[in-house]
Visitor: 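Pasting a structure below so you can have a look.
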Number of protein chains: 2
Amino acid sequence: MDAVEHFVEQWRAEAPEIDVTPMATIGRLSRLAQLVQARIDSVFEELGLQSWEFDVLASLTRQGAPYALTAGDLERQMMISSGTTTHRIGRLEQRGYVTRTRDEDDGRVVWVTLTDAGRAACLEAYPVHLENERRILELLSDDDREMLTTGLRALGVALRDEPPTPRTPAQRR
Amino acid sequence: MDAVEHFVEQWRAEAPEIDVTPMATIGRLSRLAQLVQARIDSVFEELGLQSWEFDVLASLTRQGAPYALTAGDLERQMMISSGTTTHRIGRLEQRGYVTRTRDEDDGRVVWVTLTDAGRAACLEAYPVHLENERRILELLSDDDREMLTTGLRALGVALRDEPPTPRTPAQRR
DNA sequence: CCTGCTTATCTTGACATCAAGATAAATGGA
DNA sequence: TCCATTTATCTTGATGTCAAGATAAGCAGG
């Protein structure tokens, strides 16, 4: 019995004519995402990072050399607004973790490039973060963990959460 | 192939010594929660409600008569801070959807009670919201949906997301 | 009764976020 | 070449959120 199951039962008693089963899945999705995020945040706090900071650094690091994306590509990968993107880049620029460069051929484009310090911070946090995630999933049985992963992957496909195709530095027009 | 699978492959290429499999599950959890929330928000917008407003109204409605919770109980059920609780109650009070009442016996406690208008707004939105959730889950096969639900329920239990035990009006000391 | 501790709510200040619009650059058709 | 349209980023203003502390009311032991 978890919290969502309790809410489902309350709704069945109060409004029995409505099929409440979707809530058992989607209600948990957002609630558990929040609970898991709290655990993840606490690890990043120990590492001196905000979760959103790691998000940016990780997006750039996993691209591989030369560790650069345009502001727009970052925006799409992180699923945030353009205003938030500008703000995030600015804060990380102040911290010395990224640099901004105007594209030479297309004056509208801003390249965000990881500095050595930014890459180092990301690579230091990365294994600690993943170990934390591993510890959370270890609370589940192998079967449950596998069902969860399979179900989530299916949902990702169903919602068309497709891989981003960033502009590569070579692709400058 | 979804976005998270792509990120996993990028990480495998860039930092092969780290086991990246936990990200396939937990990365999807937060990413998909965000995608699903966007769909949910758009339905509430049509209904003239914010998601957080429905959260409050639903917490009160599903309690059954007399549709009341203390501010602290709302805070715990919705997993938000006390400051956010105060703010939410204030906004809904302005809209005429809830009322504030000091407990007669314990002067620190504030009872938040649903008005008829608040209950009506919630009961109008509730079936539309659940139909929307049902439509999202319908994108999955029966098997995938069942695995997702089972996996999430297991995670809820593992993270000890336990049912709240609110103070009932009868329990006034 | 006091006095210190706990509990419940509210206030304040900071901040990340978004929507909408501004700015500026590129593009494409007449 | 010119102008309208599209694209990429940034700015502005509003908002929801939290952490930390303030306020105020119970509570418990002397």
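What you see is a predicted model; the values in this text were computed from it and never measured. We use all heavy atoms of the structure for the numbers below, so side chains are in, but hydrogens, waters and symmetry mates are not.
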Visitor: How is B/Gly83 classified with respect to the nucleic acid when contacts are heavy atoms under 4.0 Å: base, sugar-phosphate, or nothing?
Guide: base
Visitor: With side chains defined as the heavy atoms from C-beta onward, is the minimum distance between B/Met78 and B/Leu74 less than 4.5 Å?
Guide: yes
Visitor: Identify which nucleotide among D/dG26, D/dT9, C/dC10 has an atom closest to any side-chain atom of B/Ser82, counting heavy atoms from C-beta outward.
Guide: C/dC10
Visitor: Would you kindly give the CD1-to-C1' distance between B/Ile80 and C/dC10, to the nearest whole Å?
Guide: 14 Å
Visitor: Give the rounded distance in Å between these two atoms: CD of A/Gln37 and C1' of C/dT17.
Guide: 15 Å
Visitor: So do A/Ile26 and B/Ile40 actually touch side chain to side chain, heavy atoms under 4.5 Å?
Guide: yes
Visitor: Whether B/Ser81 contacts D/dA19 is assessed here as follows: a side-chain N or O lying under 4.0 Å from the phosphate OP1 or OP2. Is that the case?
Guide: no
Visitor: Taking C-beta and beyond as the side chain, do B/Gln77 and A/Phe7 meet within less than 4.5 Å on heavy atoms?
Guide: yes
Visitor: Tell me the interatomic distance from B/Asp55, atom CG, to D/dG16, atom P, rounded to whole angstroms.
Guide: 13 Å
Visitor: B/Asp73 has an atom CG; how far is it from atom C1' of C/dA8, in whole Å?
Guide: 11 Å
Visitor: How about A/Gln10 and A/Glu14: do any of their side-chain heavy atoms sit closer than 4.5 Å?
Guide: no
Visitor: Could you check how far CD of A/Gln34 sits from P of D/dG16, rounded to whole Å?
Guide: 16 Å
Visitor: Between D/dC18, C/dA16, D/dG16, which nucleotide has the shortest distance from any of its atoms to the side chain of B/Arg91?
Guide: D/dG16
Visitor: Report the nucleotide, chosen from C/dA16, D/dT9, C/dA26, that has the shortest atom-to-atom distance to any side-chain atom of A/Asp106.
Guide: C/dA26
Visitor: Send over the distance from A/Met79 CE to C/dT17 C1', rounded to a whole Å.
Guide: 14 Å
Visitor: Can you tell which of C/dC10, D/dG26, C/dA24 lies closest to the side chain of A/Arg108?
Guide: C/dA24
Visitor: Hey, does A/Arg76 reach any base, or is it just sugar-phosphate, or nothing, if we go heavy atoms under 4.0 Å?
Guide: nothing
Visitor: Across the strands shown, which category fits A/Thr85 at heavy-atom distances under 4.0 angstrom: base, sugar-phosphate, nothing?
Guide: nothing
Visitor: Given atom CH2 of B/Trp111 and atom P of D/dA25, what is their separation to the nearest angstrom?
Guide: 19 Å
Visitor: I need the single residue from A/Thr99, A/Val98, A/Leu69, A/Leu60 that forms a side chain to side chain contact (heavy atoms under 4.5 Å, CB included) with A/Thr113. Which is it?
Guide: A/Thr99
Visitor: Can you check the A/Gln50 CD to C/dC15 C1' distance for me, whole Å?
Guide: 9 Å
Visitor: Which is more 5' along DNA chain C, the nucleotide nearest A/Arg88 or the one nearest B/Glu75? Just name the residue.
Guide: B/Glu75
